[in-house]
Q: 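First, the structure itself, so that you have it in front of you.
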Amino acid sequence: VAMTVSSFSIFIFNMALGVGAFISVVLPSLAVAICMYALFCCLRGKYVEVYEPRTLKVQRFEEASERLPDGYCKWLLPLLKLPLKVVSTTCGVDAAGYLAVQVTLITILTIATVLCLPVLLPVYAGAGGLQGFETISLSNVSPASDLLWAPAVLCWPIAGIAYACIYRCLRKLQELKIAGLHRSCHPRHYTLLLRNVQEPSETALEERIRAAAGEHVLHVDVVKDLGKAYDKDFGKYKKAWLAWKRAEVGSHEVPDSVPMTRKGFCGPQVEAVPHLAEQRDDQRQVVESKRSDFDDLPCRPCAFVTFTSLSAASAALAELKDWAPEPASEPRSIIWANLKKCRKPAQLFAMRRCVGLAIAFIIILWAIPVAATQGLANLDDLAKKAPFLEWVTDLPESVKSILQGLLPTVALAILNALVLPIFTLLSVSSGLEDKQQIHKSLMRSYYWFLMVNSFFVVVISGSVFNQLATVLQDPSELQELLGRALPQVGSFFVSFITLRALATPPVALSLVGKLIPTMLLLKFCKTDEERAELMDPGFHQYGVMYAEDLFVWSVVIAYAVISPIILPFGLLYFALKHITSKYLLCYVYRSEYQAGGAQALSAFQLVLAGLLIGQLTVVCVLSIKQSLAAVLCAPLPFITLGFMIWMAFSSTLADQALPATLTAELEDESRLERWHQELREHVLAEPAYFSDLDQPAMDKFFWRDISADVAGGEPGHAPLL
């Protein structure tokens, strides 16, 4: 007890400088967070179409969410109590999987915080005489000290807890996936995608498939391509239709008024409605003439085949192996621009390898500006190296402290955001034909980008580069300097994660980026289509969100025993992010696709990759500190790697095909009748080819407005804004 009290006394005294820099980052972020949460609480009940659209609208194969209680803070407890089973029912297993990954990480970090803080803070605080956050980090412990056994021992229970929590979560998600299939088996499970079609016509293909699969074939849809010219013509027709619709609605707003428009750029004024209707009809004739040629187009090497039963579709995976069959993606998830090309597996493999090399090149190239951000953490040294910045040395110490704490974090966040559009474009260019695959590719690419440029580069530049002059003068001091400098970088990550925790979730939850343009532009919307487009909240970007969360997890777990003060701030990030994500998924965002939680398995692979990196970091630091405790931690990376391999081969969460044991249980004629209706709506054909030309602006998969049932008004015109 005496050792603990004295250690914390020394800790409080020596933390003065570090706390000052840390507070300079926290206070502005905390003020922004409080303002954003207050704004959300005040506006949530007033603008329901912006803050709770999922209670007013519903998508296919989903259910509407129930309204949360009114009041400033009454929404929080019901939201937290909402079970994953309800989330999977209303939003899908993918949403439940994302939230389950967050809950798993929160559980692991909570237990790690309880284990590490009471043990390691007294040990580190009483070990040396450093200042700031370094007082309670491994850098405060002398090399070869017996105190280094404490973090080594704690690595084992943390790893065991992580393995157990991940295994338990995977089993829970598998149960949710099976429950979802029993609740509403998606019609895509009746369908296979054939990739090796050689028949010259749709009729010939259907005859061959019926000969091979018997009378169980219900429908055959051959993939065809009308070309980019058709896509442009359809876009022109959609634009002309919207202009006519807007003019027609405007003509009824003011009685006895005739809207006018110019014929051409500088032509005479004419009546808007007849003129725009003529343009609409002319463009429609162009689209219809090209659609009439669809049946005569040559067949591409891909086709969708729908069967009369789930067992027939499952058996056809083996019976039709000459056509290289695979389970069909959900229609909403198909990227038709890539699927129409029907690339061969060898082409896809080569394209993905090339894109992978391009992404690796960008990751390495981006390290240069990322490393430069660490120079902003010491403005005095930067001013000595850059004479034009000498004026910085004249700034008050309080101002410099704020700038040094804030600038590196902000600069790093901006650089990370700039690379996202590039990775998205490369993922689409790789030939991937499924949006879920795009999100998975983006998750992996962005995660490793963050790890390389925001972790490895920061650790190296923050520990080695700052001591480069000393190392060049006396290379023998390299090991001692690294042993002290590597843990010290943890103070930067504490500021970085705290800023993300107090800035990202509150701003996302406040929806100010959606509310402000909606309020400004809503009065200019004249048609239901314009209003629906403006009010559309969009989709949850699983790839980016997973990558950011897993990066924070990797950083926190890497420094969990090296600089344990990072644990509560990592826990704060995931707690706020979980509240925000759960609200946005359950009450705001539309579902882009349903893949049965497949991406959660890839996410857990990266969770284990982050744990592996953290274990290797601890082994390296302990080795640099010349401690035999490194031997105690040495087996952990191999155990984690083995668990990753086992999970990849044993889990069926990512399988898109129905398990053979479930096909008999899920057979239901009523589902097949609904699938007949889906086929009549051409869900397995490119939307631009078969969309309703009388309503071209509305996507067939767009959600259905039920506000009349909820608010007692007319559908599409509920008195909410």
Side-chain angles (χ1 to χ4, degrees), residues 83-85 87-88 93-116 154-180 436 439-440 443-444 447-448 450-451 542-543 545-561 567 570-571 573-575 577-578 581-582 595-618 633 635-655:
L84 290 179
K85 185 176 180 180
V87 174
S88 65
V93 183
D94 295 291
Y98 177 73
L99 297 175
V101 171
Q102 289 184 331
V103 171
T104 301
L105 299 183
I106 290 173
T107 304
I108 297 171
L109 292 180
T110 300
I111 299 174
T113 302
V114 173
L115 288 175
C116 292
L154 285 174
C155 285
W156 282 90
I158 292 175
I161 292 164
Y163 303 148
C165 290
I166 292 173
Y167 176 75
R168 180 175 176 272
C169 185
L170 286 174
R171 291 190 59 183
K172 178 65 175 178
L173 289 179
Q174 187 66 32
E175 293 174 0
L176 290 177
K177 179 180 179 180
I178 295 175
Q436 185 253 341
H439 282 282
K440 188 184 296 184
M443 175 185 70
R444 290 170 175 166
Y447 169 78
W448 287 114
L450 291 173
M451 287 302 298
Y542 284 110
M545 296 297 102
Y546 265 123
E548 292 180 348
D549 291 351
L550 296 176
F551 164 68
V552 172
W553 150 263
S554 300
V555 171
V556 172
I557 204 64
Y559 275 87
V561 297
L567 283 168
L571 194 58
Y573 169 86
F574 281 107
K577 189 68 180 292
H578 179 69
S581 301
K582 196 169 188 178
Q599 195 165 352
L601 180 62
S602 300
F604 276 127
Q605 291 281 358
L606 294 181
V607 168
L608 291 173
L611 180 62
L612 177 64
I613 292 171
Q615 292 165 346
L616 291 174
T617 303
V618 174
C633 298
L636 284 174
F638 297 99
I639 297 174
T640 301
L641 187 61
F643 190 74
M644 291 174 66
I645 297 173
W646 172 83
M647 188 172 67
F649 287 99
S650 64
S651 179
T652 59
L653 188 62
D655 293 344

Q: State the OG1-CD1 distance between T107 and I166, to the nearest 0.5 angstrom.
A: 11.0 Å
Q: How long is the straight-line distance from CD1 of I639 back to CH2 of W646, given to the nearest 0.5 Å?
A: 14.5 Å
Q: How far apart are the closest heavy atoms of V561 and C116, and which atoms are they?
A: CG1-SG, 4.1 Å
Q: If you measure from OH on Y546 to CG on L606, what distance do you get to the nearest 0.5 Å?
A: 10.5 Å
Q: Can you find a heavy atom in the side chain of P635 that is under 4.5 Å from one in the side chain of W156?
A: yes
Q: Taking all non-hydrogen atoms of both residues, which atom of A558 and which atom of V618 are closest, and how far apart?
A: O-CG2, 4.3 Å
Q: Check E548 against L450 and note the closest heavy-atom contact, atom names and distance.
A: CA-CD1, 4.2 Å
Q: Assess the residue pair C155 and Q615 against the criterion (side-chain contact (heavy atoms from CB on, under 4.5 Å)); give the C-alpha distance rounded to whole Å, side-chain angles, the decisive distance to 0.1 Å, and a yes or no.
A: CA-CA 8 Å; C155 285; Q615 292 165 346; 5.8 Å; no
Q: Apply the test side-chain contact (heavy atoms from CB on, under 4.5 Å) to residues S602 and M443: give CA-CA distance (whole Å), side-chain angles for both, the deciding distance (0.1 Å), then the verdict.
A: CA-CA 9 Å; S602 300; M443 175 185 70; 3.5 Å; yes
Q: For M644 and M647: C-alpha separation, side-chain torsions, deciding distance, then whether side-chain contact (heavy atoms from CB on, under 4.5 Å) applies.
A: CA-CA 5 Å; M644 291 174 66; M647 188 172 67; 5.6 Å; no
Q: Find out whether L115 and I161 are in side-chain contact, i.e. whether some heavy atom of one side chain is under 4.5 Å from a heavy atom of the other.
A: yes
Q: Do I178 and E175 make a side-chain contact, defined as non-hydrogen atoms from C-beta onward lying under 4.5 Å apart?
A: no
Q: What pair of heavy atoms forms the shortest contact from T640 to Y163, and how long is it?
A: OG1-OH, 2.6 Å
Q: Given side-chain contact (heavy atoms from CB on, under 4.5 Å), test Q605 with R444 step by step and report yes or no.
A: CA-CA 10 Å; Q605 291 281 358; R444 290 170 175 166; over 6 Å; no
Q: Do the side chains of F649 and I645 get nearer than 4.5 Å, heavy atoms only?
A: yes
Q: How long is the gap from CG on D94 to NZ on K177, to the nearest 0.5 Å?
A: 10.0 Å
Q: Which pair of non-hydrogen atoms, one from A112 and one from L567, has the smallest distance, and what is that distance?
A: O-CD1, 3.7 Å
Q: Measure the shortest side-chain to side-chain distance between L601 and L173 over non-hydrogen atoms and say whether it is less than 4.5 angstrom.
A: no
Q: In Å, rounded to the nearest 0.5 Å, how long is the span from NE2 of H578 to CD1 of I106?
A: 5.5 Å
Q: Between the side chain of Q599 and the main-chain N/O of H439, is any donor-acceptor distance below 3.5 Å?
A: yes
Q: Hey, mind stepping through Y447 and S554 against side chain to side chain donor-acceptor pair (under 3.5 Å) and telling me if it holds?
A: CA-CA 10 Å; Y447 169 78; S554 300; 2.7 Å; yes
Q: Hey, what do you get for CG (L154) to SG (C633), rounding to the nearest 0.5 Å?
A: 9.5 Å
Q: Answer yes or no: is there a donor N or O on one side and an acceptor on the other, between the side chain of S88 and the main chain of K85, under 3.5 Å?
A: yes
Q: Considering non-hydrogen atoms only, spot the tightest contact between L109 and L571 and give its length.
A: CB-CD1, 3.9 Å
